[in-house]
Number of protein chains: 2
Amino acid sequence: MRTQKVEPENVDQKLFETFSKLGYDGASMEVLAEATGLKKASLYHRFPKGKKEMALHVLRFVEQWITDSVVTIAHDQKIRAATRLRKIVSAINELYAGGANNCLLRTLSVGTDADAFKEDVQRCLDLLADGFATISIDLGNTAAVAKEKGKQINLLLQGSLVMTGATGDLSYFKNILSRLPSLLA
Amino acid sequence: MRTQKVEPENVDQKLFETFSKLGYDGASMEVLAEATGLKKASLYHRFPKGKKEMALHVLRFVEQWITDSVVTIAHDQKIRAATRLRKIVSAINELYAGGANNCLLRTLSVGTDADAFKEDVQRCLDLLADGFATISIDLGNTAAVAKEKGKQINLLLQGSLVMTGATGDLSYFKNILSRLPSLLA
DNA sequence: GTCTATAGCTAGATAGAC
DNA sequence: GTCTATCTAGCTATAGAC
């Protein structure tokens, strides 16, 4: 048929999940096709430059998510800073399924083609740190202190996701999320 | 020739480095052969069950390193706790090349065969946490508090290595290492 | 836009000479 | 114990029908 079998947003979501879980080298075209519900050739129709283009596309998908769910919320002066942070924490908790999901930014940082993704990964991490720093400033910190706290949150989230992923113990992730308000204050 | 071309310890080291850098799926037999200086068939002679056996062997290599460089040192009552910790920090700094190297326990936690390594990865992480906890107890904390601190150090080290690996900024790793004494006190 | 079929290559793994 | 040569399966990617 000529009509789309799967919505682009659903394809993005499945590619995101698969790359997050298996990394770039572990996510074969066969697996990606099964995950999206499309045949390999159809995936190539949507991403003519192949797997690398898919991963870069998913990274932009994540960058957009961060912009919408962290950065924009963080800057919304109509809402109290503490409330903004609660919304961000809730979004992050949902994205990572309470710690059960790996972080794409981490899984794409290891492998044969990691260099190709480094720039986009860094931009995403910077956006996250800036979002957290914005909240921290509004909670009463100087820009310099807030910037350091933002970077520290990135470190703690990544560490908690590694530990939760390796051990299966969701409390690593859960604890960091619940401590975010005090860590940014 | 019938004699060994490369010492087993050197093979272990190169396999460790390659799996750490590229992960399991990214470390092809071809790449592993080049890294060790052996041909593929020679690697199969040493590891008849193939790549999975190599990765498991390297995990035991790491477990031994942790036992020698962290656990045993941590329990050495002949030395002051603060001095023991300095030795451990120094060893960790060297292993990770100041943050430039990825952590094998993390890179083997993602990919198509991650399940096969999970048990060993967990054991290594537990050993590390126990080593840190031992120091923390000797610095005056209760067993319960020390245990939590040990787990937190694992989280911080993993997080710092992810951030340093993704951004190239060695200070994430360096800062955590320098804070270990106060974090365990 | 999706599909079947397949090209061309590289992966993990083996056989057998030395 | 190491090597060259090779097998098979899986990989990324493409061709062309519908």
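Every chain is numbered from 1, with letters handed out A, B, ... down the list of sequences.
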What is the distance, rounded to the nearest whole Å, between atom [atom1] of [X] and atom [atom2] of [N]?
{"X": "B:Leu15", "N": "C:dG12", "atom1": "CG", "atom2": "P", "answer": "13 Å"}
{"X": "B:Asp113", "N": "C:dA13", "atom1": "CG", "atom2": "C1'", "answer": "15 Å"}
{"X": "B:Phe47", "N": "C:dG12", "atom1": "CZ", "atom2": "P", "answer": "15 Å"}
{"X": "A:Glu53", "N": "D:dT14", "atom1": "CD", "atom2": "P", "answer": "11 Å"}
{"X": "B:Leu43", "N": "D:dT4", "atom1": "CG", "atom2": "P", "answer": "13 Å"}
{"X": "A:Lys39", "N": "D:dA13", "atom1": "NZ", "atom2": "C1'", "answer": "17 Å"}

Taking NZ, NE, NH1 and NH2 as the nitrogens, is one of them in A:Asp130 or A:Lys147 under 4.0 Å from a carboxylate oxygen of the other?
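Looking at A:Asp130 and A:Lys147, the cut-off is not met.
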
Under a 4.0 Å threshold between the charged nitrogen and the carboxylate oxygen, would B:Arg123 count as salt-bridged to B:Asp120?
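A salt bridge is present here (some side-chain N lies under 4.0 Å from a carboxylate O).
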
Starting from the C-alpha separation in whole Å, work towards a yes-or-no answer on salt bridge (charged side-chain N to carboxylate O under 4.0 Å, His left out) for A:Lys14 and A:Glu17.
CA-CA 5 Å; A:Lys14 290 299 185 183; A:Glu17 290 172 7; 3.8 Å; yes

4.5 Å side-chain heavy-atom contact, B:Thr167 and A:Leu125:
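Yes - at least one pair of side-chain heavy atoms lies under 4.5 Å apart.
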
[N] OP1/OP2 closer than 4.0 Å to side-chain N/O of [X]:
{"X": "B:Ser42", "N": "D:dC3", "answer": "yes"}
{"X": "A:His45", "N": "C:dG1", "answer": "yes"}
{"X": "A:Lys5", "N": "C:dC3", "answer": "yes"}
{"X": "A:Lys51", "N": "D:dT12", "answer": "yes"}
{"X": "B:Tyr44", "N": "C:dA13", "answer": "yes"}
{"X": "A:Lys40", "N": "C:dT4", "answer": "no"}

For DNA chain C, which residues in residues 16-33 of chain A have a heavy atom at a distance below 4.0 Å?
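Hits under 4.0 Å, by residue number: none.
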
Cationic tip of B:Lys151 within the cone over A:Tyr172's six-membered ring, i.e. under 6.0 Å and within 45° of the normal?
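The answer is yes; both the distance and angle limits are met.
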
Selection from C:dG1, D:dC3, C:dG12 that lies nearest to any side-chain heavy atom of A:Gln4:
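Of the candidates, C:dG1 comes closest.
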
Side chain of B:Ala41, heavy atoms from C-beta onward: which of D:dT4, C:dT4, C:dT2 has the nearest atom to it?
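Looking only at side-chain atoms, B:Ala41 lies closest to D:dT4.
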
Do A:Asn102 and A:Arg106 get their side chains close enough for a donor-acceptor pair, meaning under 3.5 Å?
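Per modelled atom types, A:Asn102 and A:Arg106 side chains form a pair under 3.5 Å.
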
B:Phe19 vs B:Tyr24 aromatic rings, parallel, tilted or perpendicular, using cut-offs 30° and 60°?
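B:Phe19 vs B:Tyr24 ring planes: parallel.
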
